Each structure stands twice: as structure tokens, then as C-alpha cells.
**Student:** 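Here it is, the structure, as C-alpha cells.
Residues take their numbers from the sequence shown, with the count starting at 1. All figures in this text were calculated on a predicted structure; none of them were measured in a lab. Each ligand, and each atom within it, is numbered from 1 in the order the structure gives.
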Amino acid sequence: MKAQVNGIALAYSDKGTGLPLVFLHAFPLNLMMWAAQEAALSSQFRTITIDLRGHGESDAPLWHYTLDQTADDVHALLDHLSIQQAMLVGLSMGGYILFAFYRKYRERVKGLVLADTKAQADTPEGKEGRFQMAQTAYKKGPSAIADIMIPKLLSPATIQNKPEIVQNVRTMIEGNQISGLAGDLMAMAERPDSVPLLKQIACPTQIIVGGLDQATPPSDAKLMAEQIPGARLAIIPHAAHLANLEQPAVFNQIVAAFASELGKPARRG
Ligand code: MLT
């Protein structure tokens, strides 16, 4: 399905009924990374997965990208779907977008799941790395980005023993347009530090991290859990950065338990 929002066509999938769960994917993937979550959770909840601006079947315009703009796209899609409040799940870049979304539209957030992400901004070296990766994308194309990213996204055991997961991730990465890759790299490099925001997050929050995640390690998850009032932390063993793909059953169970609690009617006095 596609919606026209903020001057672009945004592709999304909308399955099931009940509490809306909105899933925001990692860089440089697309909504297909949530296939196992959609399949398992749409029998209990309304699951919405989105190809963020620059990815998958959504438009990838050739110009300046910001995470605020992507948050605006998500907000416009909620309006399009007549969803007043949702639980939002963001993994890695998806989590960075949730911080931008929360800053602008906190009244639309019923709960947050921050998975394999971090609140800190990029270091100067990190920003330089984004620029270099954009040049690689421009000169060598998305398959060179897949070569660089796959060892950062998946654990060595998955890379060695689960070729179907590796191929799935490669296909998603290779489906990107250069404009979308460069645009996201620009947007992530320019994102602000969200650490000061953490103490102001007032909605129920579940943090999830793969125990083997090196891109956004458990120490980053612990920082968020310490600073967000009442946040819970789950560390998933045998998973690296794409914990939802490497350990889908455990990931789904954590998300389902959190969403079930959120969906319960508030107790009266
Ligand atoms: C992601 O998985 O979204 C990226 O690894 C995030 C990043 O590069 O900071």
C-alpha cells in the first residue's frame, strides 16, 4: 500500500486489528526486515511497517534528508490511517527517528520500544565515516554497502550458519537507491544528541539489545535504561545488531508482552 505524504509516495503494510504497533526499520534496510514480527504479532495487534523515505518501495528523492523529516512522514502516515496513538518500535536508525518523533509528537506515543539503538549523536569520526560511506555508495553502488554493513548487522554465527538471513539482508540493502543511502547517512550524521531527552521520556519504554551487538552495544542500551524513567531493559543472547532477525521468537515475545500491558485499559482509582 502507498500513501502520499509530504510530497512523496510512502509504502507501508497495515495488518490486523487492536493496539497499533508501528515499526521503523534500520539503515539500510526496508519494511521487509519486520516480516517475522508482522507475521507473529498481527494476530493480536494492528501492525504497521513502513518503508521509510529513501527505502524499499517508497520514493527516494535526491535532496536533503533529516530524521525530523522522516518523523514528519511517520506522523503524516498516522494521520492518513486515522491512528491517534500508537506504540512505536524503532531499531537502530528507527530508534534515532523515534527520538525525533518523540520531540515533536509525544502526544501520539503510547509506548516506545527502542531496539539496538543509542541516544548519543555521532562523534566527529563517526560523521566522517558516514561521508566516506556515501562516497562508496556513489562510486560502487549498494552492493559495496552490503559488503560493509553485513558484518556490522549480523553475528559471526549467523553469517556462517544462516545463509538465508544473510541473503535476505543483502537483498534489502541492494534494493536501495543511492539517493536514499546518501540521504540517510546525511540525516544520521546531522542528528542531535538525544541523551538530554531521555529523562523527559514519560511514556512506558522497553529497551531491547542483542548481547553481541557491536554497532550499538549493550552499554548504550544500559545508558538509555538508566536515564528513561521506569524503562525496562531486555538483552537477547546470541543476537547482534539485527536482534529481531537473528532471534525473532525472543524479540516477538518481549514486544508482545510489553504491548499487551500497554493495551490493557487503565485501572480506575
Ligand atoms: C542501523 O542499523 O540503522 C545503523 O547501523 C545505524 C547507524 O549506522 O548508526
Side-chain angles (χ1 to χ4, degrees), residues 22-34 37 49-56 58 60 65-67 70-71 73-74 88-101 112-137 142 144-155 158-159 165-166 168-176 180-195 207-210 212-221 223-224 236 239-247 251:
V22 177
F23 290 85
L24 308 186
H25 62 74
F27 171 84
L29 304 178
N30 62 44
L31 62 74
M32 290 303 296
M33 79 167 243
W34 298 116
Q37 282 65 51
T49 57
I50 308 173
D51 277 342
L52 300 168
R53 174 183 290 255
H55 297 262
S58 290
Y65 284 57
T66 66
L67 298 183
T70 308
D73 293 342
V74 175
L88 291 109
V89 185
L91 193 141
S92 199
M93 180 181 75
Y96 308 160
I97 295 162
L98 289 188
F99 291 129
F101 189 90
L112 286 175
V113 177
L114 297 165
D116 298 279
T117 193
K118 65 178 175 197
Q120 304 92 309
D122 280 356
T123 60
E125 300 74 42
K127 285 185 210 265
E128 176 59 24
R130 305 270 191 215
F131 176 72
Q132 293 304 338
M133 196 181 290
Q135 303 314 304
T136 303
I145 302 303
D147 294 340
I148 298 169
M149 289 303 295
I150 284 170
K152 296 181 200 272
L153 298 174
L154 299 171
S155 68
T158 298
I159 292 174
I165 295 186
V166 179
N168 182 15
V169 170
R170 178 171 284 281
T171 303
M172 284 189 259
I173 298 177
E174 291 183 350
N176 282 296
L181 290 170
D184 272 351
L185 288 162
M186 183 192 306
M188 289 192 287
E190 288 179 353
R191 76 188 193 282
D193 181 12
S194 291
V195 175
I207 295 158
I208 304 175
V209 66
L212 304 174
D213 188 347
Q214 296 197 8
T216 50
S219 55
D220 289 337
L223 176 89
M224 294 189 290
I236 303 184
H241 193 53
L242 295 180
N244 71 307
L245 276 179
E246 294 193 291
Q247 295 296 337
F251 190 96

**Student:** Among protein heavy atoms, which lies nearest atom 9 (O) of ligand 1, and at what distance?
**Tutor:**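 Atom 9 (O) of ligand 1 sits closest to the protein heavy atom Tyr96 OH, 2.6 Å.
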
**Student:** Counting N and O atoms only, with roles assigned by atom type, does the side chain of Glu190 sit under 3.5 Å from a partner on the main chain of Thr66, one being a donor and the other an acceptor?
**Tutor:**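 Here the side-chain-to-backbone pair does not exist.
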
**Student:** Quick one: sort the Phe23 and Trp34 rings into parallel, tilted or perpendicular, breaks at 30° and 60°.
**Tutor:**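 Rings of Phe23 and Trp34: tilted, as their planes differ by 30° to 60°.
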
**Student:** So if I count the atoms of ligand 1 from 1 in the order they appear, which ones are less than 4.0 Å from some heavy atom of Ala26?
**Tutor:**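 What qualifies from ligand 1 is 1 (C), 2 (O), 3 (O).
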
**Student:** Kindly determine whether Leu223 and Gln120 satisfy side chain to side chain contact (heavy atoms under 4.5 Å, CB included), including the steps that lead there.
**Tutor:** CA-CA 10 Å; Leu223 176 89; Gln120 304 92 309; 4.1 Å; yes

**Student:** Which residue and non-hydrogen atom of the protein lie closest to atom 4 (C) of ligand 1, and at what distance in Å?
**Tutor:**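 Result for atom 4 (C) of ligand 1: Ser92 OG, 3.3 Å.
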
**Student:** Can you find an N/O atom of Leu91 closer than 3.5 Å to an N/O atom of ligand 1?
**Tutor:**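 No - when backbone and side-chain N and O of Leu91 are compared with those of ligand 1, no distance drops under 3.5 Å.
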
**Student:** Where's the contact between His241 and ligand 1, heavy-atom distance under 4.0 Å: side chain, backbone, both or neither?
**Tutor:**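 Answer for His241: side chain.
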
**Student:** Testing the basics here: between Thr117 and Ser92, what is the closest heavy-atom pair and its distance to 0.1 Å?
**Tutor:**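 Scanning both residues, the minimum pair turns out to be OG1-O, 2.9 Å.
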
**Student:** Could you say whether the N/O atoms of Met93 and ligand 1 ever approach to under 3.5 Å?
**Tutor:**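 There is such a contact, yes.
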
**Student:** For Met32, look at atom CE and say whether over 12 heavy atoms of other residues, nucleotides or ligands are found less than 6.0 Å away.
**Tutor:**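 Check fails, neighbour count at 12 or below.
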
**Student:** Give a yes or no answer on whether the side chain of His55 reaches the backbone of Leu29 with a donor-acceptor pair at less than 3.5 Å.
**Tutor:**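 Yes, His55 side chain to Leu29 backbone: donor-acceptor pair under 3.5 Å.
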
**Student:** Closer than 3.5 angstrom, by distance alone: can the side chain of His25 be matched with the main-chain N or O of Leu52 as a donor-acceptor pair?
**Tutor:**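 Judged by distance alone, yes, a pair lies under 3.5 Å.
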
**Student:** Below 4.0 angstrom from a heavy atom of Phe27, which ligand 1 atoms are there? Numbered from 1 as shown, please.
**Tutor:**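 That gives atoms 1 (C), 2 (O), 3 (O), 4 (C) of ligand 1.
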
**Student:** At under 4.0 Å between heavy atoms, which part of Ala215 makes contact with ligand 1: side chain, backbone, both or neither?
**Tutor:**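 Contact part for Ala215 vs ligand 1: neither.
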
**Student:** Considering heavy atoms of the protein only, find what lies nearest to atom 7 (C) of ligand 1 and give residue, atom and distance to 0.1 Å.
**Tutor:**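 Looking only at protein heavy atoms, the one closest to atom 7 (C) of ligand 1 is Arg130 NH1, 3.3 Å.
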
